[in-house]
Amino acid sequence: NHPLIVQRYQRVEEIKTCHILFVSQSETKQLEQIFTNLKGRNILTVGEVEGFSQRGGMIRFVTEKNKIRFRVNLEATKAANLTISSKLLKPAEIIAPGKD
């Protein structure tokens, strides 16, 4: 019974209260800056850009054989003090630090 609110941000500094942040492909060049500014905050970062998880993102969506799959960077989620449900981790590919 929680409302879902979708907001767009022009700059990472605008983010006050946010639980899940989708980082679009247009922000590829700013990934390091975004992740640096979010360091220590409990915000789940999600994206679909190649190298997203390797650069500090938490969940990356990938298309394989016409199916959408996802990869989880547990190191990044732990650093943000977030825990991913085992039900969500079951179909996910867990990636090692530095991989994507």
Side-chain angles (χ1 to χ4, degrees):
N1 289 336
H2 296 284
L4 177 66
I5 300 170
V6 177
Q7 292 182 305
R8 291 182 184 261
Y9 301 101
Q10 297 298 316
R11 296 183 346 261
V12 71
E13 295 82 16
E14 297 174 8
I15 301 171
K16 301 298 179 221
T17 302
C18 179
H19 298 281
I20 303 172
L21 180 68
F22 179 82
V23 183
S24 68
Q25 193 164 8
S26 64
E27 302 303 313
T28 301
K29 293 181 181 177
Q30 288 81 19
L31 282 179
E32 281 78 15
Q33 177 195 4
I34 292 168
F35 296 142
T36 298
N37 282 305
L38 295 178
K39 196 170 192 117
R41 296 185 62 188
N42 307 87
I43 298 175
L44 180 70
T45 55
V46 180
E48 57 187 357
V49 177
E50 181 136 355
F52 185 78
S53 301
Q54 185 178 35
R55 294 162 76 182
M58 298 175 197
I59 296 178
R60 176 181 173 217
F61 291 109
V62 293
T63 304
E64 294 175 345
K65 298 179 184 175
N66 292 326
K67 292 186 180 184
I68 296 175
R69 308 226 185 262
F70 59 99
R71 297 177 180 162
V72 177
N73 178 343
L74 288 178
E75 292 290 319
T77 60
K78 288 178 187 175
N81 202 28
L82 296 174
T83 304
I84 305 290
S85 160
S86 60
K87 289 180 182 179
L88 184 62
L89 290 176
K90 196 171 190 176
E93 178 184 346
I94 309 302
I95 60 162
K99 301 289 181 187
D100 194 52

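Remember, it's a predicted structure, so these values are computed and weren't measured experimentally. We number each residue from 1, following the sequence as shown. Just so it is clear, the values below take in all heavy atoms, side chains as well, and ignore hydrogens, waters and symmetry mates.
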S.K.: Following the transitive rule for hydrophobic clusters with a side-chain heavy-atom cut-off under 4.5 Å over Ile, Leu, Val, Met, Phe, Trp and Tyr, establish whether M58 and V46 coincide in one cluster.
M.R.: yes
S.K.: OG of S86 to CG of L88: how many Å apart, nearest 0.5 Å?
M.R.: 9.0 Å
S.K.: Which pairs with one or both residues in residues 77-96 pass salt bridge (Lys or Arg N to Asp or Glu O under 4.0 Å), sequence neighbours excluded?
M.R.: R71-E93
S.K.: Listing request: all salt bridge (Lys or Arg N to Asp or Glu O under 4.0 Å) pairs with a residue in residues 7-16, at least two apart in sequence or in separate chains.
M.R.: R11-E13, R11-E14
S.K.: Which residues satisfy the side chain to side chain contact (heavy atoms under 4.5 Å, CB included) test with L89, sequence neighbours excluded?
M.R.: V72, L74, I84, I94
S.K.: Closest heavy-atom contact between Y9 and T17?
M.R.: OH-O, 3.9 Å
S.K.: Checking R41 now: which residues fulfil salt bridge (charged side-chain N to carboxylate O under 4.0 Å, His left out) with it, not counting sequence neighbours?
M.R.: none
S.K.: Once side chain to side chain contact (heavy atoms under 4.5 Å, CB included) is applied, do any residues pair with T83, and if so which ones, sequence neighbours excluded?
M.R.: none
S.K.: Kindly state each residue pair satisfying ring pair (Phe, Tyr, Trp, His ring centres under 6.0 Å) with at least one member in residues 12-47, sequence neighbours excluded.
M.R.: F35-F52
S.K.: To the nearest 0.5 Å, tell me how far I43 CD1 sits from N81 CG.
M.R.: 13.0 Å
S.K.: For residues C18 and I15, report the shortest heavy-atom separation together with the two atoms involved.
M.R.: CB-CG2, 3.6 Å
S.K.: Locate the shortest heavy-atom distance separating A76 from G56; write the atom from each residue and the value.
M.R.: CB-O, 3.5 Å
S.K.: Which residues satisfy the side chain to side chain contact (heavy atoms under 4.5 Å, CB included) test with T28, sequence neighbours excluded?
M.R.: Q25, V49, R55
S.K.: Which residue pairs satisfy the ring pair (Phe, Tyr, Trp, His ring centres under 6.0 Å) criterion with at least one member in residues 53-76, sequence neighbours excluded?
M.R.: none
S.K.: Atom CG of N73 and atom CD1 of I95: how far apart are they, to the nearest 0.5 Å?
M.R.: 4.5 Å
S.K.: Would you mind listing the cluster partners of I5? Hydrophobic ones only (ILVMFWY), side-chain contacts under 4.5 Å, chaining allowed.
M.R.: none
S.K.: Search all heavy atoms of R60 against all heavy atoms of V62 and return the closest pair with its distance.
M.R.: CZ-CG1, 3.4 Å
S.K.: Working to the nearest 0.5 angstrom, can you tell me the gap between T45 OG1 and I59 CD1?
M.R.: 8.0 Å
S.K.: Mind checking side chain to side chain contact (heavy atoms under 4.5 Å, CB included) for E27 and listing every partner two or more places apart, or none if nothing turns up?
M.R.: V23, S24, Q30, I34
